[in-house]
Amino acid sequence: MYLDFDIRDDVIEKAEQAEQDCRKIFDHHEQISLYWSSRILNAFQKHNVSSADFIEITGYGYDDAGRDKLEKIYADVFSCEDALVRVQIMSGTHAIYLALSGILHHGDTMISISGAPYDTLCSVIGISGDSRNSLIANGIRYEQIDLIDDDFDIPAICERLKRNDVKLVEIQRSRGYSSRKSLSVAKIENVIREIRKVNRDVIIMVDNCYGEFTEKREPSEVGADIIVGSMMKNPGGGIAVTGGYCAGKKELIHDIAERLTAPMIGKDLGANMNQLMSLYKGLFLAPSAVCSSMKTMIFAARLLQLCGITSIDPMYDEERTDIVQTIDFETEANQVNFCVGMQHASPVDSFVTPVPGEMPGYPHEEIMAAGTFTTGSTIELSADGPVTPPYTVYMQGGLTWDYGKLGIINAVNEFLKDE
């Protein structure tokens with residue numbers, strides 16, 4: 001089956017070994033997929049989803065029963081009071097900015113307790129860049145407490161929160177563009193428990209991007225007041241072509257919805273752009289897509305290891321709590337070459353050769369390989385990274401296990417061609 005792709009015999013042998021080594025780990029993630037599929041199917045049935053819920057509502061979007069029902073389903077799936085699920089939310093960064101700017105006001109203080117945020121959020125907050133619309137530029141104070149050995153610095157967090165002048169605590173579940181590991185729901189649960197011992201009122205928000213449906217619990221089930229994410233990642237299932245969500249306490253969703261639309265209008269406004277079917281279907285398929293992505297990344301880690309590339313994280317047999325796999329290539333040439341191999345292994349734009357370039361919101365040049373059906377979708381097999389030492393590639397996605405496996409084998413084969 002590899003003849004059409006001119007795969008080297010040694011790569012085929014290593015791929016077969018890698019798959020064999022990963023089978024027991026695959027079983028674990030297939031059980032998680034079954035669990036979430038059951039919960040989502042139950043929510044669809046509970047709310048009596050029908051074909052009438054997929055119709056297009058134009059103009060202002062008043063009285064959109066299908067949109068409102070989808071938001072109730074999201075609230076149920078994530079065990080929240082309410083949710084905002086909209087195509088008008090354009091990315092994970094947009095969802096986070098929307099939540100923060102809807103909740104925080106001039107004079108409020110927010111603290112990131114998972115260290116430095118993702119690159120695009122640095123300009124959103126105002127840590128970098130000179131936007132007049134950043135949080136800091138609008139009078140919101142920002143503080144940061146770094147992780148220690150990939151876990152929360154609970155003594156420092158609790159000591160800071162005793163002063164009772166912090167409005168919001170922010171946690172980034174995934175690693176973002178950093179060398180730290182992603183944070184498990186168990187670690188998030190533990191830090192929330194300790195926070196509540198010293199401050200019962202502070203709002204706890206979790207950036208849930210890349211983490212949905214990778215474990216059997218979500219942060220909203222262990223005390224997070226609000227979680228946010230993107231439909232072009234896990235919950236879109238590779239079907240949704242745009243959109244984002246916020247889910248949590250009803251009063252917080254109210255404030256965030258008013259920031260999205262206008263005061264006293266909130267969730268009542270917003271045409272669905274004829275995208276409701278893709279949002280429903282994306283959520284329905286999300287557990288399977290996430291499982292395929294996890295299996296693809298586990299397989300990739302093992303295959304790269306067998307091929308002698310060992311600067312990878314996590315290793316194939318380590319616990320995973322997001323869909324991201326990192327590889328340090330140490331040189332710009334190797335980083336770019338791997339991304340070229342990934343692009344050439346893609347179903348869309350496989351003939352394109354990616355080169356480093358500037359990207360809006362990022363402080364460094366980026367190399368991005370994303371031959372995806374939805375532009376920029378990271379639940380589809382893709383790889384990217386800042387072109388700066390240690391020249392790390394952040395790889396994620398895989399709509400199906402079969403396509404994911406083929407993509408990884410082709411990418412590795414392409415990367416190793418000159419050896």
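Start at 1 with the first residue, then count along the sequence.
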Holding to side chain to side chain contact (heavy atoms under 4.5 Å, CB included), I want the full list of residues that pass it with [X], two or more places apart in sequence or in another chain.
X: P390; answer: D328, E330, T392
X: S38; answer: none
X: Q17; answer: D21, L306

What heavy-atom pair brings [X] and [Y] nearest, and what distance separates the two atoms?
X: C209; Y: G92; result: SG-CA, 3.9 Å
X: N272; Y: I55; result: ND2-O, 3.2 Å
X: S123; Y: S134; result: O-CB, 3.5 Å

Please set out all donor-acceptor pairs under 3.5 angstrom arising from side-chain atoms of residues 378-385, sequence neighbours excluded.
from, atom 1, to, atom 2, distance (Å)
E380, OE1, F373, N, 2.7
E380, OE2, T374, N, 3.1
E380, OE2, S377, OG, 3.4
S382, OG, E380, O, 3.3
S382, OG, Q396, NE2, 3.0
D384, OD1, Y177, OH, 2.3
D384, OD2, Q396, NE2, 3.1

Nearest-0.5 Å distance that lies between atom [atom1] in [X] and atom [atom2] in [Y]:
X: L285; Y: C291; atom1: CG; atom2: SG; value: 13.0 Å
X: I154; Y: K187; atom1: CD1; atom2: NZ; value: 10.5 Å
X: K233; Y: D322; atom1: NZ; atom2: CG; value: 11.5 Å

Strictly by side chain to side chain donor-acceptor pair (under 3.5 Å), give each pair with a member in residues 48-60 just once, sequence neighbours left out. D53-K69
Does any pair with a residue in residues 282-294 pass side chain to side chain donor-acceptor pair (under 3.5 Å), and if so which ones, sequence neighbours excluded? none
Quick one: list whatever passes ring-ring contact (aromatic ring centres under 6.0 Å, His included) with F329, sequence neighbours left out. F338, F415
[X] (side chain) donor-acceptor with [Y] (main chain) under 3.5 angstrom:
X: E414; Y: A345; result: no
X: R39; Y: V77; result: yes
X: N199; Y: V202; result: yes
X: S184; Y: T321; result: no

Any residue meeting salt bridge (Lys or Arg N to Asp or Glu O under 4.0 Å) with [X], in chain and number order, not counting sequence neighbours:
X: D82; result: K250, K267
X: R141; result: none
X: E218; result: R173
X: R160; result: E143, D165

Are [X] and [Y] close enough that a side-chain donor and a side-chain acceptor fall under 3.5 Å?
X: S346; Y: Q343; value: no
X: Y35; Y: E30; value: no
X: D146; Y: Q144; value: yes

Is any side-chain heavy atom of V324 closer than 4.5 Å to a side-chain heavy atom of S174? yes
D119 vs H364, side chain to side chain donor-acceptor pair (under 3.5 Å): CA-CA, chis, key distance, verdict: CA-CA 9 Å; D119 283 14; H364 305 284; 5.5 Å; no
Between D150 and K181 (salt bridge meaning N to carboxylate O under 4.0 Å), is one present in this structure? no
Under the ring-ring contact (aromatic ring centres under 6.0 Å, His included) definition, can you give me all pairs with a residue in residues 288-309, not counting sequence neighbours? F299-W401
With under 30° as parallel and over 60° as perpendicular, where do the rings of Y118 and Y362 fit, or are they tilted in between? perpendicular
